[in-house]
Q: 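Starting off with a structure, shown below.
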2 protein chains.
Amino acid sequence: MAKKDQTIQTSPHLQIMVNTPLFKGLSVDVLTAVLNQAQYYNFSSQSFIFHQYDKAENIYVILKGQVCLSQTTSAGKQVIINMFGAGDNMAILSVFDKAIYPLTAEAVTDCLLLGWSSQTMQQLMEQYPRIALNTLKFITSRFVELQDRYRELATKRVEQRIAHALLRLSQKHGQSTSDGIFLKLPNSRQMIAEMTGTTLYTVSRTCRQWEELGLIQSGREQVTILNPVSLSAIAQELPQI
Amino acid sequence: MAKKDQTIQTSPHLQIMVNTPLFKGLSVDVLTAVLNQAQYYNFSSQSFIFHQYDKAENIYVILKGQVCLSQTTSAGKQVIINMFGAGDNMAILSVFDKAIYPLTAEAVTDCLLLGWSSQTMQQLMEQYPRIALNTLKFITSRFVELQDRYRELATKRVEQRIAHALLRLSQKHGQSTSDGIFLKLPNSRQMIAEMTGTTLYTVSRTCRQWEELGLIQSGREQVTILNPVSLSAIAQELPQI
DNA sequence: CGAGCTCTTGAAAACCTTCAAAAACAGTGG
DNA sequence: CCACTGTTTTTGAAGGTTTTCAAGAGCTCG
């Protein structure tokens, strides 16, 4: 699935590298050194970047495309832990020896990634401690985020969780249009269900209801958020505006 | 609440320091240097070590006692994220400037902690990069753990989650007795409920049922696990043994 | 021995899932 | 262009799980 490709022009991607959490604050020289050690990877839509339980070999930065990170339970249910996009770092734990991917990464769209092997990244971190500290800071913030979502899952009702998930998705992956924020998601009801710990039926009913109220406009594999403010009010269970 | 105390004999605690994730693999010299920068803190049972939203100032190692980490929702519900004990590290994110505690830490029993200020730990990490790498490894493993619990919350029924919570607690905080593994928990039904995202009523019913089946023996503020194997089968929804 | 917790229990209600089936849609090939 | 196919979404009805509310029982400690 993955095709290595060394001939891609780096200039448009440099901007992403400069801003990605792992490499923030590095000098151009260091950044160039880091880039020289990287390999480009292409993954086509719906292909797998890595599988849960595989030996963790690479650490990635996403340059282009959208990646879905999910876990599968022993009973076969899927849970989507996160959706990543351009600029996001992935598979941090690969820097540790004998690490195992704790989840599966699937390309939702065609993706272009930059990757470093375990050993390469270990060396880079030793050579440039700033990278290690950046990584620590990044993973800590991800940890805090996940804690918040854990609490949400433990305390909020399905409707609120769906609202929240839509808002999070729209912030990260949405495109502003004249109507509102447009979201393209393959198999959207199913996906939203797996992000919020519910079923596609409940998501469908909830979205339908919101469509009736004019909060969203939804169709096959896409949702447009027309009224983020009301949606946010639902997410927090505030009295409706 | 906190009383600083510099006169405590370090010998019995040194063993804990050597094995705590943050300081694993450090030479005795380095460990001594690290210890010299630390301060001892005493917290009595039920006192707060820090509050959610406070400025994060200290990073801790627990030497003695049990600490409950919880978040409070805007609606006032509590969610217990973790229970820590001797040897555990706490409030890692304090090493970052302007960090805010994302949760509240309450001493469940009388506690003795070792603490370092933000700046001190930053300096230590710069001076001994091994500490930074240890921290990265530690927080990564905590992250992976939390992901697993997130999935559990999203996919499993209450009964299974309670079983899992009891098993986790017993592993970490239980005492082996002739009958089974004994767990002391103040306000146990309520606490278990807050750990599993359910209500104390449901926990009570579930525990009662397990007691009838002879899997546990439960009383006021305590639970003894008599049959961890069956409990584990319930947690995984296996056919009963 | 009474006050205040903690825990249990029952009944009703709310919430959500499951199952089944139909409708809507996109893409394909004739 | 249209019928056909497979996928995605919607909808209804039934059922299961869990919460909520209310009240009582049991323990502990001053």
Side-chain angles (χ1 to χ4, degrees), chain A residues 45-46 68 73 75-80 108 152-166 183-213 215-224 234-235 237, chain B residues 45-46 68 73 75-80 108 152-166 183-213 215-224 234-235 237:
Chain A
S45 177
Q46 308 208 41
C68 166
T73 70
K77 278 191 195 172
Q78 264 218 349
V79 181
I80 295 175
V108 172
E152 179 173 306
L153 200 50
T155 58
K156 304 218 166 168
R157 278 177 306 108
V158 167
E159 187 190 34
Q160 302 176 267
R161 303 201 306 259
I162 296 174
H164 227 146
L166 284 180
L183 265 177
K184 172 139 183 50
L185 277 183
N187 211 340
S188 64
R189 304 298 124 102
Q190 177 72 31
M191 267 213 162
I192 294 170
E194 287 171 0
M195 278 184 238
T196 50
T198 180
T199 63
L200 79 158
Y201 308 107
T202 303
V203 174
S204 176
R205 277 183 249 271
T206 308
C207 285
R208 211 66 241 305
Q209 197 188 322
W210 287 341
E211 193 156 10
E212 229 109 279
L213 295 171
L215 303 185
I216 66 173
Q217 192 281 313
S218 84
R220 193 187 175 89
E221 313 213 306
Q222 50 96 354
V223 178
T224 304
I234 290 174
E237 197 164 33
Chain B
S45 178
Q46 308 207 43
C68 168
T73 71
K77 278 192 196 176
Q78 263 219 347
V79 181
I80 295 175
V108 173
E152 180 174 305
L153 200 49
T155 59
K156 304 217 166 170
R157 280 179 304 112
V158 167
E159 188 190 34
Q160 303 176 267
R161 304 203 304 262
I162 296 175
H164 228 146
L166 284 181
L183 265 178
K184 173 139 183 50
L185 276 184
N187 212 342
S188 65
R189 303 295 178 267
Q190 177 71 32
M191 266 213 162
I192 294 170
E194 286 171 1
M195 279 185 237
T196 50
T198 179
T199 61
L200 81 158
Y201 308 106
T202 303
V203 174
S204 176
R205 277 183 249 272
T206 308
C207 285
R208 212 64 241 305
Q209 195 187 324
W210 288 341
E211 192 156 10
E212 228 111 276
L213 296 170
L215 303 184
I216 66 172
Q217 193 280 314
S218 82
R220 192 186 174 90
E221 312 214 308
Q222 51 97 354
V223 179
T224 304
I234 290 174
E237 195 161 35

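Values reported hereafter were calculated over all heavy atoms of this structure, with side chains retained and with hydrogens, waters and symmetry mates removed. Convention: sequence-line order gives letters A, B, ...; per-chain numbering from 1. Just so you know, these numbers come straight off a predicted model, no measurement behind them.
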Q: Find the distance E194(A):CD to dT9(D):P and express it as a whole number of Å.
A: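 Rounded to whole Å, this separation is 12 Å.
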Q: For N187(A) and Y201(B), find the nucleotide of DNA chain D closest to each by heavy atoms; which residue's nucleotide sits nearer the 5' end?
A: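 In this pair, the answer is N187(A).
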Q: If you define the side chain from C-beta out and look only at heavy atoms, does anything of V158(A) sit under 4.5 Å from R161(A)?
A: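 In contact.
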Q: Measure CD/Q209(B) against P/dT8(C) and give the value in whole Å, please.
A: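 One finds 13 Å between P of dT8(C) and CD of Q209(B), rounded.
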Q: Rounded to the nearest Å, what distance is computed from the NZ atom of residue K156(B) to the P atom of nucleotide dT17(D)?
A: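 About 16 Å, once rounded to whole Å.
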Q: Do the side-chain N or O atoms of T202(A) get closer than 4.0 angstrom to the phosphate oxygens (OP1, OP2) of dT17(C)?
A: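 For T202(A), the contact criterion (side-chain N or O under 4.0 Å from OP1 or OP2 of dT17(C)) is met.
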Q: Going from CZ on R157(B) to CD on E237(B), what distance comes out if it is rounded to the nearest 0.5 angstrom?
A: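 If we round to the nearest 0.5 Å, R157(B):CZ and E237(B):CD are 5.0 Å apart.
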Q: Roughly how far, to the nearest 0.5 Å, is OG1 of T206(A) from CZ of R189(A)?
A: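 Output value for this atom pair is 10.0 Å.
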Q: Please give, in whole Å, the distance from dA24(C) C1' to Q217(A) CD?
A: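 Computing the Q217(A):CD to dA24(C):C1' distance gives 14 Å.
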Q: Touch check for R157(A), heavy atoms < 4.0 angstrom, all strands: base, sugar-phosphate only, or nothing?
A: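 It contacts sugar-phosphate atoms only.
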Q: Kindly check if the number of other-residue, nucleotide or ligand heavy atoms within 6.0 Å of CD (Q46(A)) is above 12?
A: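 No, not enclosed.
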Q: With a cut-off of less than 4.0 Å, is there a side-chain N or O of S218(B) near OP1 or OP2 of dC7(C)?
A: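 Answer is no, no contact under 4.0 Å.
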Q: Would you mind telling me which of dT6(C), dT18(D), dC19(C) lies closest to the side-chain atoms of R220(B)?
A: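 Side chain of R220(B) sits closest to dT6(C).
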Q: In whole angstrom, give the distance that lies between atom CE of M191(B) and atom C1' of dC5(C).
A: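 To the nearest whole Å, that distance equals 15 Å.
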Q: Using a cut-off of 4.0 Å on non-hydrogen atoms, how would the nucleic acid contact of R208(A) be classed: base, sugar-phosphate, or nothing?
A: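 Sugar-phosphate, backbone atoms only, no base.
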Q: I want to check one thing: is the phosphate of dT9(D), taken as OP1 and OP2, less than 4.0 Å away from some side-chain N or O of S204(A)?
A: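 Result: no.
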Q: OP1 or OP2 of dT9(D) less than 4.0 angstrom from a side-chain nitrogen or oxygen of S188(A), does that happen here?
A: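 Yes, such a contact exists.
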Q: For R205(A) and dT18(C), what is the distance between atoms CZ and P respectively, to the nearest whole Å?
A: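 Going from CZ in R205(A) over to P in dT18(C) covers 12 Å.
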Q: May I ask you to verify if any side-chain N or O of R189(B) is less than 4.0 angstrom from the OP1 or OP2 atom of dT8(C)?
A: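 Affirmative; the distance criterion is met.
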Q: Distance check needed: dC15(C) C1' versus Q160(A) CD, whole Å only.
A: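 So the two atoms are 12 Å apart, to the nearest Å.
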Q: Tell me: CG of L200(A) to C1' of dT18(C), nearest whole Å?
A: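 Those two atoms, CG and C1', are 11 Å apart.
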Q: To the nearest 0.5 Å, how far apart are CG in N187(B) and CD in E194(B)?
A: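 Nearest 0.5 Å value for the CG-CD distance: 8.0 Å.
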Q: Would you say T199(B) reaches dT19(D)'s phosphate, i.e. side-chain N/O to OP1/OP2 under 4.0 Å?
A: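 For T199(B), the contact criterion (side-chain N or O under 4.0 Å from OP1 or OP2 of dT19(D)) is met.
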